[in-house]
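Single-structure report; data block below.
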Amino acid sequence: MNCRACTRTLSLLRDGRLDDGARAEVERHLQTCESCRTMDGVMRVTGDVMVAAGPADPPAELAARVARVALTSDSDADADATALWRWWLRIAAPATALGVAAAVVLMLLGGPSQPRPGEAASEFDPIGVMSDADDGALDATMLALEDD
Amino acid sequence: MPGKHDEHSLETLSSRAAQGDAASFRALVERTHGIAYRLALRMVSGGESDAEDVVQDTYIRVWRGLPKLRDHAAVVGFICRIVRNVAADTRRGKKRRPMASLDRPIGDGLGPLVESIASDTDDPEQLACSAQVRADVFALVDELKEKYRVVLLLREVDGMSYDELSQALGVPVGTIESRLHRARAALAKKVERLRARQAKETA
């Protein structure tokens with residue numbers, strides 16, 4: 001076994017995941033190679049220091065608290081949705097309906113009147129786009145714009 | 001270990017919780033929050049407080065997501081995936097800060113560690129009692145890339161098996177082996193570099 005192969009298996013050796021044959025081979029190499037032995041020693045000692053720190057146990061009441069909050073979060077979400085719907089019915093819906101009605105009334109009352117044939121464009125047609133007389137000029141302008 | 005279709009197996013609890021059974025959900029939380037908490041703790045930088053928040057958010061999402069879960073036998077993987085997502089969101093919200101105190105240079109406490117390695121007469125329990133040694137080791141671990149740091153801490157500190165690590169991190173066991181090897185080798189190199197630097201300074 002060479003050093004490269006040995007260092008690749010040191011981690012598995014530490015975790016007891018080598019079969020007897022592989023373990024014996026690594027241990028034989030470690031007996032003869034100071035570099036790999038040092039690497040093994042560092043891995044072992046740093047690992048043991050971490051192990052000695054001990055696992056992090058969750059606080060005793062965490063599970064009960066987490067479950068309680070999660071279970072009530074559902075009804076909280078429902079309550080939020082209901083509140084939003086009520087708000088929509090009370091305020092937003094009437095306001096929207098009012099706005100639509102106002103727009104319709106304005107269109108009916110204040111929209112541009114159509115000029116009769118032969119009449120000049122109305123005041124609601126300040127650039128004369130509705131006028132037959134200016135069709136050519138308008139077309140020319142549009143063509144010029146298209147050329148640009 | 002309960003059987004797969006045991007009355008109280010995680011699969012059964014998950015399946016019942018998905019149908020709105022609050023008692024089964026509570027039992028599921030009780031049985032799985034340990035792995036969720038440890039995974040969260042190793043993935044966020046804010047310590048226990050942040051980890052608890054991550055676990056809380058996780059189980060809110062679990063409760064809402066269970067009805068959509070198809071394979072209830074994989075509920076632990078489902079929970080751990082949510083932990084990783086919530087922890088990632090939490091981390092994005094704040095910059096990681098070192099877990100160990102860096103008021104002093106790393107390596108001050110490695111003297112005994114280095115000596116024990118050199119003399120080959122280590123006494124891990126005694127070493128671990130030294131807060132300075134422990135802080136230095138954890139400071140070096142904290143310098144590792146996240147994917148190596150997390151797997152190393154879950155293995156060494158929390159004592160998770162390879163199968164549990166695979167489930168918690170959502171990667172195959174072969175990847176766990178590879179990451180652990182790289183993590184340990186990288187940590188050993190850092191210790192070696194410190195040892196060489198200290199030897200140079202004292203020479």
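As the structure is a prediction and not an experimental result, all values here were calculated from the model. First the proteins, then the strands, lettered A, B, ... as listed; each starts at 1.
Taken from CD1 in Ile176(B) to CG in Leu154(B), the straight-line distance is 8.5 Å, to the nearest 0.5 Å. Interatomic distance, CZ of Phe78(B) versus CD of Gln167(B), reported as 13.5 Å (0.5 Å rounding).
In this structure, Ser9(B) contributes its side chain and Thr12(B) its backbone to a donor-acceptor pair below 3.5 Å. With hydrogens and angles disregarded, no donor-acceptor distance shorter than 3.5 Å links the side chain of Ser14(B) to the backbone of Glu11(B). The backbone N or O of Tyr162(B) sits nowhere less than 3.5 Å from a side-chain atom of Ser166(B) that would complete a donor-acceptor pair.
Residue Arg61(B) does not touch chain A at all, counting heavy-atom pairs closer than 4.5 Å. Looking at Val62(B), there are no atoms closer than 4.5 Å to chain A (heavy atoms on both sides), in backbone or side chain. Tyr59(B) touches chain A through backbone and side chain together, each having a heavy atom under 4.5 Å away.
Within residues 13-31 of chain A, the residues having any heavy atom closer than 4.5 Å to a heavy atom of chain B are Arg14(A), Asp15(A), Arg17(A), listed by residue number.
Side-chain atoms of Ser15(B) and His72(B) form no donor-acceptor pair, as typed in the model, at a separation below 3.5 Å.
Of the residues considered (Glu177(B), Arg184(B), Arg38(B), Met160(B)), Arg184(B) shows the highest number of contacts with chain A, using heavy-atom pairs under 4.5 Å. For the set His33(B), Arg182(B), Glu30(B), Arg26(B), the count of heavy-atom pairs under 4.5 angstrom toward chain A peaks at His33(B). The candidate from Leu180(B), Ile60(B), Leu187(B), Val157(B) with the greatest count of non-hydrogen atom pairs under 4.5 Å with chain A is Val157(B). Looking only at heavy-atom pairs under 4.5 Å with chain A, the residue among Glu48(B), Lys189(B), Gln56(B) that has the most is Gln56(B). The candidate from Ala51(B), Ala188(B), Ser178(B) with the greatest count of non-hydrogen atom pairs under 4.5 Å with chain A is Ala188(B).
Residue Glu61(A) qualifies as enclosed at atom CD: its count of foreign heavy atoms under 6.0 Å is above 12.
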Exercise. Take Asp163(B) and Val173(B), measure what side-chain contact (heavy atoms from CB on, under 4.5 Å) needs, and give me the verdict at the end.
Key: CA-CA 7 Å; Asp163(B) 285 339; Val173(B) 168; 3.7 Å; yes
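The two atoms that bring Cys36(A) and Thr7(A) nearest to each other are SG-CG2, 4.2 Å, heavy atoms only. Across all their heavy atoms, Ala56(A) and Asp158(B) have their closest contact at N-OD1, 3.1 Å.
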